[in-house]
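Before any comments, here is the structure.
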Amino acid sequence: MSRFRMFDLNPEQESAATHGKGPLLILAGAGTGKTRVITARIVWLIAQGHPPNRILAVTFTNKAAKEMKKRVLDMMEADDAREITISTFHSLCVRILRQSAHLLGYKENFSILDESDQSGLLKKIIHRTAAKDETLDPAVARALISKAKNSGWNAPPTEESLLGAVYLRYQNELKMLNAMDFDDLLVLAVQVLRHHPEAATHWQERYEFLLVDEFQDTNRLQLELVSLLAGQAPNVCVVGDDDQSIYSWRGAEVSNILEFERHFPNPVIVKLEQNYRSTPAILGAANRLIRNNARRRGKNLWSAAGEGAPVQVLAMRDDREEAELVTSEIANQRHTQSIPWEHFAVLYRTNQQSRPIEEALRRLKIPYRLIGGKSFFDRREIKDVIAYATCLMNPSNDAAILRILRTPPRGIGAVTVENALSESRNLFAVLQSPEFQNTVSTRTREAITTFCDFIEAFRIRLSTPNSQPAALLQCMLEESGYFEDLQRSCKTPQESLRREENVRDLLRDLSRYPESEGLRRFLDEITLENDRQDKDDQSGLGVTLITLHAAKGLEFPHVYLIGAEDGLLPHQRSKVENTVDEERRLFYVGITRAMKSLTISHSLQRMKYGQSVACQRSPFLTEIAGDGVVESTGTKILNQPVSVETAENHFARLKQLFAS
DNA sequence: AATCGTCTGCTTTTT
DNA sequence: GCAGACGATT
């Protein structure tokens, strides 16, 4: 137990960590030491004699899972720590399905479709299904189908509407391809547990204690999965914060946490309200804001720390002045107080708001890292190689076949492909069939058989014992002339070198996975892992530019929250859709990221869609007003050689020094 | 097949 | 105002 004291928990944290059996709801406000409590609880359970391999912790993202593993590893015997299952919802489902997919008529070696595979498949199906005068955007269809699956809309789709017909055919096609999309992983894992008692019992007995992180973000299916895994005597511990529920637009149900006792009767409920992150000035603003929401459990964050610098609310002339002021203030603070760049973050509602800030930072030669947006997805060569690997594993994946069919060009033209696609079987099977081959020219037929033989030959080599997928894949790429094609399509030699290097990196990763089974695991991991967070973390240091959504779970000593205007925060659309409460929570999330100082700005004039538009300040600013919040304007501050808040911060810092 | 021009429509994002 | 999609043109 001495190890347990290392956690140094407050009374609420301790009561949560040392709760025994039965449902437990931990309402963990922002910055109240949530991860520490989870870790402590796991350590405590093991100290009580519960075997580590019967503990399951579920998170949303790989990043969170990784983080939790690390924290747990730091706190206990490595052998024990490794026995604990810490997994994302999706990879847990993959685990369940790899064991039991046959119960639903799938094979256990099913493949997982990512978003672009999904779109490709839908596009094909829409093309085949829609009448001449009908159109349906694949992206829209995908969104609607995803929504339907996640909300547990289990009424089978019908042929009556175009969407219904597409949905039906899409689902049939997936089954034929022995493939699942991300949503299916959840839907089907739930089906396995719900309709197959022996499977349910297996998993319920496998895990004695369940922990679920970020419970406010769970959707219906995820709640059901947790319920099914927990069984009749649920030892379920969920951690979350209803005030930080900001993902209802992608299916998260706040009601899961608000009505927790309906799903898991008679829970123990622990509220964590002591905040270890922010100053009282910041927490005051956060508390005053969030109490305006009706549907909530109710919490009041407090801190034992000294008051701290006041929260600044600044009115700016326009978005240009906003960018100038925010960046020059950052430079100013950095230089007068020697604060490293990485201690600053600029938070905003929409990605495009980062533009003016980026430009201003570049002018001042301040390093920054931009989180989110796009560009990680655009690694063409990686997608190519993964497509090759996918074909090797499972050539009935149309999207993958389609991709490698043209990289490099193989003499199989668009018309041929189009014809092959209009058959209702999978593309590779069509290409292989003599009936289809008879419909094309001799030359095309030769190209097709060369291609099919090429794939089949490598598949045979893969299935031999002790095969090396990485070596095979490299062979495939060389034999098909992929590298020459890559070179040809690059504008500069540097670019082609970089891309080739990326491919080698990928192959090196893969070389640790032997045999067909290893390749399958590798592909699973790649599809379920978005390596973006890793890339973000290592992409250099500097000021962080990040959306409010992406900032959840992070903290920064000095936060600048920009664009606090009506129509932007709350966003115009939220007013139409009646989700202003969620915008308030989003603002709350932003405020509570700040540790030492918080500056909130709004512009009176902003460029929108190429035009300068007058803007009103956000109504939320009225709500946060009170002690520890001061208002000023950008112009005033720019005209002062030593700005007011720098002096005040300085004073506050001195005060803190003396206090401690 | 590739490139140019025109049109449209515009949060948030993980797996 | 700008990116992305799509269609016409070479």
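All chains are named by letter (A, B, ...) in the order of the sequence lines, taking the proteins before the strands, and each is independently numbered beginning at 1.
For A:T547, a side-chain nitrogen or oxygen approaches OP1 or OP2 of B:dT13 to under 4.0 Å. OP1 or OP2 of B:dT13 has at least one side-chain nitrogen or oxygen of A:N351 nearer than 4.0 Å. Remark: A:R349 is not in phosphate contact with B:dC10, judged by side-chain N or O atoms under 4.0 Å from OP1 or OP2.
A:I96 CD1 to A:L103 CG: the interatomic distance, rounded to the nearest 0.5 Å, is 12.0 Å.
Each of C:dG1, B:dT14, B:dT13 was ranked by its minimum atom distance to the side chain of A:T61; first place goes to B:dT14. Of the candidate nucleotides B:dC10, B:dT14, B:dT15, B:dT14 has the atom lying nearest to any side-chain atom of A:R250. Relative to the side chain of A:R573, the nucleotides B:dT11, B:dT12, C:dG1 differ in distance, and B:dT11 lies closest.
Heavy atoms from other residues, nucleotides or ligands lying under 6.0 Å from NZ of A:K70 number 12 at most. Counting non-hydrogen atoms of neighbouring residues, nucleotides and ligands closer than 6.0 angstrom, the CZ atom of A:R445 exceeds 12 such neighbours.
Aromatic pair A:H549/A:Y247: ring centres closer than 6.0 Å. Taking the six-membered ring for Trp, A:F89 and A:F60 have ring centres closer than 6.0 Å.
In this structure, the NZ atom of A:K63 is 15 Å from the C1' atom of B:dT15, given to the nearest Å. Following rounding to the nearest Å, A:R606 (CZ) and C:dG1 (P) show an atom-to-atom distance of 15 Å. When the C1' atom of B:dT14 is taken as reference, atom CD1 of A:I112 falls 14 Å away, rounded to whole Å. Summarising the geometry, the separation between NZ on A:K608 and C1' on B:dT11 is reported as 12 Å, rounded to the nearest angstrom. Rounded to whole Å, the distance from NZ on A:K149 to P on B:dT15 is 18 Å. One can place CD of A:Q352 at 13 Å from P of C:dG1, the figure rounded to the nearest angstrom. Remark: P of B:dT15 and CG of A:D217 are 12 Å apart, rounded to the nearest angstrom. Atom-to-atom, NZ of A:K147 to P of B:dT13 comes out at 17 Å; the value is rounded to the nearest Å.
Applying the 90° cutoff around 0 to the glycosidic angle, B:dT12 is assigned anti.
Heavy atoms of A:R355 sit under 4.0 angstrom from primed sugar atoms or phosphate atoms, though from no base atom. Among the heavy atoms of the strands lying under 4.0 Å from A:E577 is at least one base atom, whether or not backbone atoms are also near. Looking at heavy-atom distances under 4.0 Å, A:Q118 makes no contact with the nucleic acid at all.
The stacking criteria are not both satisfied for A:F60 over the base of B:dT15, which would need a centre-to-centre distance under 5.5 angstrom and an angle between ring planes under 30 degrees. A stacking contact between A:H549 and B:dT12 is absent: the pair does not combine a ring-centre distance of less than 5.5 Å to the base's six-membered ring with planes differing by less than 30°.
Nucleotides B:dT12 and C:dA5, compared at atom P, are 16 Å apart to the nearest Å.
Relative ring orientation between A:Y388 and A:Y482 is described as perpendicular, the plane-to-plane angle rising above 60° on a 0-90° scale split at 30° and 60°.
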